[in-house]
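What follows is a set of notes on a single structure, which appears directly below.
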Amino acid sequence: MIGLLGGTFDPIHYGHLRVALEIREALGLDEVRFLPCGIPPHRGVPGASAESRAALVALALADVPEFVLDRRELMRSGPSYTYDTLCSLREDFGAERPFCLILGADAFGGLPGWHRAGELLDLAHIIVARRPGEVPKMAPPLMALLGERITDCPADLRSSAGGRVMWIDVTQLDISATAIREQLRCDGNPRFLIPDAVLEAIRTQGLYGREQTHTLTDSG
Ligand code: ATP
């Protein structure tokens, strides 16, 4: 089974890495692919370019062989729709391999508004990681989408390529890229919230500094 963690990663932080590790171990995933988006469809312009964000992800994953940087969303023009990404992954990995699309509960709550949302479960399972203080938002359209698909049994995930939804509680790390960008903008120190190599590269390249004003108001 392959785990898929998409995101803006603006920048990548230990919240992302920890959730990927815990879900990989809980489900016995062969690998987790990190998919930085090129143009996020549901939020403002990121604080760093797609290439810079992907380079930071590469630094963060460097020592973890089972974590893979997947750059396919950076290669496409237009918004990075998850549906298109899953179709592209199916071309590479075939129709049978189980995919586990990992989403924070915040992202999951917005799922009904996603491009071709009703078809995502045809292509992958969805694993929802609860974040600190979050109460699952189960609006009626989301309930309709889920139907009888919820399971708490990893064997159900192994037996099909997609179609099931599982909630997994992960260690509560109240870290967000928004807060990290704000710290960097205000000369704060996000050390121990992000890998040292990522912080060093941010500083060396002058990313997220005060001179960059076009992004820091968006909250995702
Ligand atoms: P921002 O603050 O800019 O909105 P973010 O920190 O939420 O960013 P994203 O790149 O938007 O990071 O997140 C990618 C995925 O990782 C999403 O599904 C999100 O819910 C999840 N995620 C982010 N931070 C955490 C965390 N601390 N714990 C668990 N999941 C997280």
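Read the numbers this way: they start at 1 and go in the same order the structure lists the ligands and their atoms. The chain is numbered in sequence order, starting from 1.
For Arg181, the closest heavy-atom approach to ligand 1 falls below 4.0 Å. Using a 4.0 Å cutoff on heavy atoms, Ile175 counts as a contact of ligand 1. Note on ligand 1: Asp10 sits outside its first shell, no heavy atom being nearer than 4.0 Å. Within the structure, the closest approach of Gln172 to ligand 1 does not fall below 4.0 Å when heavy atoms are considered.
Residue-ligand proximity, Ala177 to ligand 1, at heavy-atom distances under 4.0 Å covers atoms 1 (P), 2 (O), 3 (O), 5 (P), 6 (O), 8 (O). In summary, the atoms of ligand 1 found under 4.0 Å from a heavy atom of Phe9, numbered by their order in the structure, are 10 (O). Residue-ligand proximity, Leu103 to ligand 1, at heavy-atom distances under 4.0 Å covers atoms 18 (O). Ligand-side atoms of ligand 1 in range of Thr178: 1 (P), 2 (O), 3 (O), 4 (O), range being under 4.0 angstrom from any heavy atom. Atoms of ligand 1 lying under 4.0 Å from any heavy atom of Gly6, numbered from 1 in the order shown and given with element: 14 (C), 15 (C).
Taking CG of Leu4 as the reference point, atom CD of Glu31 lies at 8.5 Å (rounded to 0.5 Å).
Close N/O approach between Gly7 and ligand 1 is not found [any backbone or side-chain N/O within under 3.5 Å]. Here's the thing with Ala105: none of its N/O atoms is less than 3.5 angstrom from an N/O atom of ligand 1. Taking distance alone, with nitrogen or oxygen atoms compared against 3.5 Å, Asp174 stays at or beyond that limit from ligand 1. Considering backbone and side-chain N/O atoms, Val19 never comes within less than 3.5 Å of an N/O atom of ligand 1. Between Leu5 and ligand 1, no pair of N/O atoms sits closer than 3.5 Å.
With sequence neighbours left out, Ser49 forms a side-chain hydrogen bond (donor to acceptor under 3.5 Å, both in side chains) with Ser52. Partners of Phe67 by ring-ring contact (aromatic ring centres under 6.0 Å, His included), not counting sequence neighbours, listed by chain and number: Phe34.
Side-chain atoms of Leu184 and Arg181, non-hydrogen and from C-beta on, never get closer than 4.5 Å to each other. Side-chain atoms of Leu17 and Val64, non-hydrogen and from C-beta on, never get closer than 4.5 Å to each other. Counting heavy atoms from C-beta on, the side chains of Arg191 and Asp196 come closer than 4.5 Å. Leu59 is not listed as a side-chain neighbour of Pro195, based on a closest heavy-atom distance of 4.5 Å or more.
Checked for salt-bridge contact, Asp30 and Arg97 meet the test: a charged N lies under 4.0 Å from a carboxylate O. Looking at Glu200 and Arg203, no side-chain N of the basic residue comes within less than 4.0 Å of a carboxylate O on the acidic one, giving no salt bridge.
Of the candidates Val57, Thr171, Leu101, Leu173, the one placing a heavy atom closest to atom 27 (N) of ligand 1 is Leu173.
Under a cutoff of 6.0 Å and an axis angle of 45°, Arg116 and Tyr81 do not form a cation-pi pair.
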